[in-house]
Structure formats: structure tokens, C-alpha cells
J.: 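This is the structure, below, for whatever I ask next.
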Amino acid sequence: MSETNNTTTTEASASSSSSTEQPYTWTQTLQDCTLTVPIDTGIKGRDILVDFKKEHLIVKIKPGNKTIIDGKLHKSIKVGDSTWSIEESKNGKAMVIELVKVNQMEWWSCIIVGHSQIDTSKIEPENSKISDLDGETRGMVEKMMFDQRQKQMGLPTSDELQKQEMMKKFMAQHPEMDFSQTKFQ
């Protein structure tokens, strides 16, 4: 198992807890799994049948009706977002299958139930970039980082600054009140 840019790669024979031979290698991110299936150089797209189901995957080569994969998926996929293509590989041609995960917050230990598994507790993804996050999450992370820096320097956090600003506005709107004995937290 190796990792690259938030992607964990597993080879068919690596870290397997099952003796089932897999006709593919695979990688994953939290969002998707990518299977690479070596195919003969003479195979064309029209010769391949890929049937995506939410919890099942079938891959067949039509000449000879050879079944490559037919099994229950480890977890559910988004059928409409999952794709396949044929690409050139270092050993000839390969079919590349992208399975988009329904739950994009978990690692898969295998692709097909009963196939070789990896130990997901050993996955150590690289740190994400803040720019990779959606707007709401990014704002929350930036606020937390700001507050942490402020605390380290002994300065008020963003919430405390907001309270102070509200109090200044209130004091300006009510000059008749005496705030000299008031303690602010």
C-alpha cells in the first residue's frame, strides 16, 4: 500500500487477507475508488459491458462472454456519477473504472466483498489544502485558525472581538449610561 496526494493505492496481492485473485488493481480517495483492469490490445469499447448498480458491479468482455468482475460492492456508489474508459497503460491497454462513493467520509477496505482487503487503519492521507474545502467549511477552518493564533498571542478571539464591538456600539448609542464600573469578559 502506498499513498500519493490523498490517494491510497493497493495492489491485488498487497495486504490481502483473502486468497481470492483479483483481475484489477485499485486506488481510492475519500470521494471515489479507481479500478484498473488490464485488457487485450484488440478490445474496443463496444466489446465491454459495465453494469453499475448501487451495491453491485458487473464487468464483462463480450467476445467469449468473459466475466471480469461480478460481485457485491463493499459500500454503495453513486451510479449516475460512476464511469469507465479505456486508456493506454505501460503494459498495453487498461479499462479504468471510477466508482463514486455515496459516503465520501470513509475508506473502503476492498472493492468487491470477498476480494482482498486492506487495513484502512494504516491509511495516512496527506493534509488537505484549505483551498480544496467548500466555502462554509473553509470559513470555519479559517476562523478556528485565527482564534488559535489570537489565543497563543494572548489576544481576543473572533467571538470576543465581536462582543467588544457590540459593546462599543451600545455604549456609543447610550452615552447617558455610566460604564466605568463595568467589567467585560
J.: Would you confirm whether Lys101, through its side chain, and Thr29, through its main-chain N or O, come within 3.5 Å as a donor-acceptor pair?
T.: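 It does hold such a pair.
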J.: What verdict does the side chain to side chain contact (heavy atoms under 4.5 Å, CB included) test give for Lys93 and Glu88, after you've listed the backbone C-alpha separation in whole Å, the side-chain angles of each residue and the deciding distance to 0.1 Å?
T.: CA-CA 5 Å; Lys93 271 187 169 178; Glu88 295 297 321; 4.0 Å; yes
J.: What's the shortest heavy-atom distance between Glu160 and Leu155, and which atoms?
T.: OE1-O, 4.4 Å
J.: Between atom CD1 of Ile112 and atom NZ of Lys72, what is the distance when rounded to the nearest 0.5 Å?
T.: 9.5 Å
J.: Is any side-chain heavy atom of Ile48 closer than 4.5 Å to one of Ile61?
T.: yes
J.: Drop me the distance from Lys75's NZ to Leu99's CG, to the nearest 0.5 angstrom.
T.: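 If I round to the nearest 0.5 Å, the distance is 14.5 Å.
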J.: Taking C-beta and beyond as the side chain, do Met166 and Phe170 meet within less than 4.5 Å on heavy atoms?
T.: no
J.: Locate the shortest heavy-atom distance separating Thr36 from Ala94; write the atom from each residue and the value.
T.: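 Closest approach of Thr36 to Ala94, heavy atoms only: CG2-CB, 3.7 Å.
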J.: Using a distance-only test with no angle check, is there a side-chain donor-acceptor pair under 3.5 angstrom linking Glu55 and Ser76?
T.: yes
J.: Indicate yes or no for a side-chain donor-acceptor contact from Asp47 to the backbone of Lys44 under 3.5 Å, with no hydrogens or angles considered.
T.: yes
J.: Starting from the C-alpha separation in whole Å, work towards a yes-or-no answer on side chain to side chain contact (heavy atoms under 4.5 Å, CB included) for Met144 and Gln148.
T.: CA-CA 6 Å; Met144 289 169 44; Gln148 185 177 18; over 6 Å; no
J.: Give the C-alpha distance, both sets of side-chain angles, the deciding distance and a yes or no for side chain to side chain contact (heavy atoms under 4.5 Å, CB included) between His115 and Val113.
T.: CA-CA 6 Å; His115 283 195; Val113 175; over 6 Å; no
J.: Given side chains that start at C-beta, do those of Thr83 and Val96 come closer than 4.5 Å, heavy atoms only?
T.: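 The answer is no; the side chains never approach within 4.5 Å.
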J.: Under 3.5 Å, is there a donor on one side chain and an acceptor on the other for Glu98 and Thr34?
T.: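 There is such a pair (donor and acceptor under 3.5 Å, judged by atom type) between the side chains of Glu98 and Thr34.
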J.: State whether the number of non-hydrogen atoms from other residues, nucleotides or ligands found under 6.0 Å of Met153 atom CE is greater than 12.
T.: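 For Met153, atom CE is crowded (more than 12 foreign heavy atoms under 6.0 Å).
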J.: Quick one: CG on Asn103 to CD on Gln31, what's the gap to the nearest 0.5 Å?
T.: 11.0 Å
J.: Would you compute the distance between atom CD1 of Ile68 and atom CD of Gln22 and round it to the nearest 0.5 angstrom?
T.: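 So the gap between those two atoms works out to 13.5 Å.
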J.: Kindly compute the distance separating CD (Gln164) from CG (Asp159), expressed to the nearest 0.5 Å.
T.: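 Between atom CD of Gln164 and atom CG of Asp159 there are 11.5 Å.
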J.: Between Thr67 and Lys60, is there a donor-acceptor pair closer than 3.5 Å when you use the side chain of the first and the backbone of the second?
T.: no
J.: Between Thr120 and Trp108, does a side chain to side chain contact (heavy atoms under 4.5 Å, CB included) hold up when you go through it step by step?
T.: CA-CA 7 Å; Thr120 57; Trp108 288 16; 6.0 Å; no
J.: Decide yes or no for Cys33 and Ile111: does some side-chain heavy atom of the first lie under 4.5 Å from some side-chain heavy atom of the second?
T.: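 The answer is yes, as the side chains (C-beta and beyond) meet within the 4.5 Å cut-off.
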J.: Is a donor on one side and an acceptor on the other found under 3.5 Å between the side chain of Glu142 and the backbone of Gly139?
T.: no
J.: Under 3.5 Å, is there a donor-acceptor pair between the Asp119 and Ser121 side chains?
T.: yes
J.: If only side-chain N and O atoms count, and only distance matters, is there a donor-acceptor pair under 3.5 Å linking His56 with Asp70?
T.: yes
J.: What are the two closest non-hydrogen atoms of His74 and Cys110, and how far apart are they?
T.: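 Smallest heavy-atom distance, with atoms named: CB-O, 3.0 Å.
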J.: For a quick test of reading the model, state the closest non-hydrogen atom pair linking Pro156 to Leu161 and the distance between them.
T.: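 Closest pair (atom of Pro156, atom of Leu161, distance): CG-CD2, 3.5 Å.
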J.: Kindly indicate whether the side chain of Phe52, heavy atoms from C-beta on, has any atom under 4.5 Å from the side chain of Leu57.
T.: yes
J.: Give a yes or no on whether Val37 and Val100 share a hydrophobic cluster (residues Ile, Leu, Val, Met, Phe, Trp, Tyr; joining criterion: side-chain heavy atoms under 4.5 Å apart).
T.: no
J.: Using a strict threshold of under 4.0 Å (side-chain N to carboxylate O), is an ion pair present between Lys143 and Asp147?
T.: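 Lys143 and Asp147: salt-bridged.
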J.: Assess whether a salt bridge exists between Glu165 and Lys169, defined as any Lys/Arg side-chain N lying under 4.0 Å from an Asp/Glu carboxylate O.
T.: no
J.: Near Lys62 NZ, under 6.0 Å, is it more than 12 heavy atoms from other residues, nucleotides or ligands?
T.: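 Result for NZ/Lys62: enclosed.
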J.: Judged by atom type as modelled, is there a donor-acceptor pair below 3.5 Å linking the side chain of Gln104 to the main-chain atoms of Leu30?
T.: no
J.: For a 4.5 angstrom cut-off between non-hydrogen side-chain atoms, does Ser85 reach Met95?
T.: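 A side-chain contact under 4.5 Å is absent here.
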